[in-house]
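These notes are about the structure you will find just below.
As the structure is a computational prediction, the values presented were derived from the model and not from experiment. Each residue takes its place number in the sequence, starting with 1. In what follows, every heavy atom counts, from backbone to side chain, and hydrogens, waters and symmetry copies are set aside.
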Amino acid sequence: MATRISGNFAARHQALLDEQDAGVYQFHVVLAEQSDLVGRVNLFDLTDGVAEVGYRIAERAAGRGVATAVVGEVCRIATTSYELSALFAITTADNTASRSVLARNGFTLAGETTVAGKPGVRYERSL
C-alpha cells in the first residue's frame with residue numbers, strides 16, 4: 001500500500017522542522033513505556049529567554065499524571081538545554097485539567113485572554 005502526503009502537509013512539516021533547526025521551536029514527543037506515542041509537548045517562539053509551552057496528551061493516557069510529568073520535564077529541559085528563564089502557557093478558561101497541570105508545575109495565573117474566540121487564561125513560570 002502506497003502512502004501519500006496530501007495537501008500542504010509536507011511543506012508545513014518542513015517549515016516546522018526548519019524553525020526547530022533555527023531554535024525558534026522545540027518539539028518533543030511523549031512515549032509510553034511500550035514506545036507508543038501518547039502525546040507531545042512543545043516550546044514555541046523561543047525569544048529573549050522566554051517561550052510558550054503547549055502540550056496534548058492522548059485520551060487513553062489522560063488522568064494518569066502524564067501531562068503533569070511531561071510539562072515538569074520540559075520545564076527542566078527549558079532551563080538546562082535551551083537556557084530559558086521563563087515559560088508561559090495559554091488555555092481556555094474552562095479547561096480545568098490543563099489549568100491543574102500548569103498549577104502543579106509552578107505556573108501562576110497571569111491574566112485573561114481569548115483562545116479561538118473563547119475566554120482564556122494565561123499562566124507564567126519563572127525558571
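When the side chain to side chain donor-acceptor pair (under 3.5 Å) test is applied to Asp36, no partner is found at least two apart in sequence or on another chain. Shown here are the side chain to side chain donor-acceptor pair (under 3.5 Å) partners of Arg99, two or more places apart in sequence or in another chain: Tyr123.
No donor-acceptor distance shorter than 3.5 angstrom exists from the side chain of Asn95 to the backbone of Thr91, with no hydrogens or angles considered. With hydrogens and angles ignored, the 3.5 Å screen pairs no side-chain donor or acceptor of Arg125 with any backbone N or O of Ala103. Judged by distance alone, the side chain of His28 and the main-chain N or O of Val41 form a donor-acceptor pair under 3.5 Å.
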Identify all side-chain donor-acceptor contacts of residues 67-76 below 3.5 Å with residues at least two apart in sequence or on another chain.
unit_1, atom_1, unit_2, atom_2, d
Thr68, OG1, Arg104, NE, 3.1
Thr68, OG1, Arg104, NH2, 3.0
Glu73, OE1, Arg76, NE, 3.3
Glu73, OE2, Arg76, NE, 3.3
Glu73, OE2, Arg76, NH2, 2.5

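Counting heavy atoms from C-beta outward, Leu31 and Val38 have side chains that stay 4.5 Å or more apart.
In this structure, Phe27 and Phe44 have perpendicular ring planes: the angle between them is above 60°, well past the 30° mark.
Neither side chain, Thr47 nor Asp45, offers a donor N or O lying under 3.5 Å from an acceptor on the other.
Grouping the Ile, Leu, Val, Met, Phe, Trp and Tyr side chains by contacts below 4.5 angstrom, directly or via other members, places Tyr55 apart from Val50. Ile77 and Leu46 fall within the same hydrophobic cluster, where Ile, Leu, Val, Met, Phe, Trp and Tyr residues are linked whenever their side-chain heavy atoms come under 4.5 Å apart, directly or through other members.
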Problem set entry | side-chain contact (heavy atoms from CB on, under 4.5 Å) assessment of Phe88 paired with Arg122 | CA-CA 7 Å; Phe88 71 93; Arg122 177 185 169 104; 3.3 Å; yes
Problem set entry | Pair Leu87-Leu43, side-chain contact (heavy atoms from CB on, under 4.5 Å): steps then yes or no | CA-CA 9 Å; Leu87 295 174; Leu43 297 172; 3.7 Å; yes
Exercise. Does the side-chain contact (heavy atoms from CB on, under 4.5 Å) test come out yes or no for Asn42 and Gln26, once each step is laid out?
Worked result: CA-CA 6 Å; Asn42 302 323; Gln26 295 296 334; over 6 Å; no
Exercise. Which is it for Ile90 and Val115 under the side-chain contact (heavy atoms from CB on, under 4.5 Å) test, yes or no, and what are the steps along the way?
Worked result: CA-CA 8 Å; Ile90 298 171; Val115 179; 3.4 Å; yes
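The shortest heavy-atom contact between Ala62 and Ile57 is N-CG2, 4.3 Å. Here the shortest heavy-atom pairing between Val66 and Ala61 reads CG2-O, 3.8 Å.
Distance check: Thr79 OG1 to Leu84 CG gives 7.0 Å after rounding to the nearest 0.5 Å. The OG atom of Ser100 sits 13.5 Å away from the CZ atom of Phe107 when rounded to the nearest 0.5 Å.
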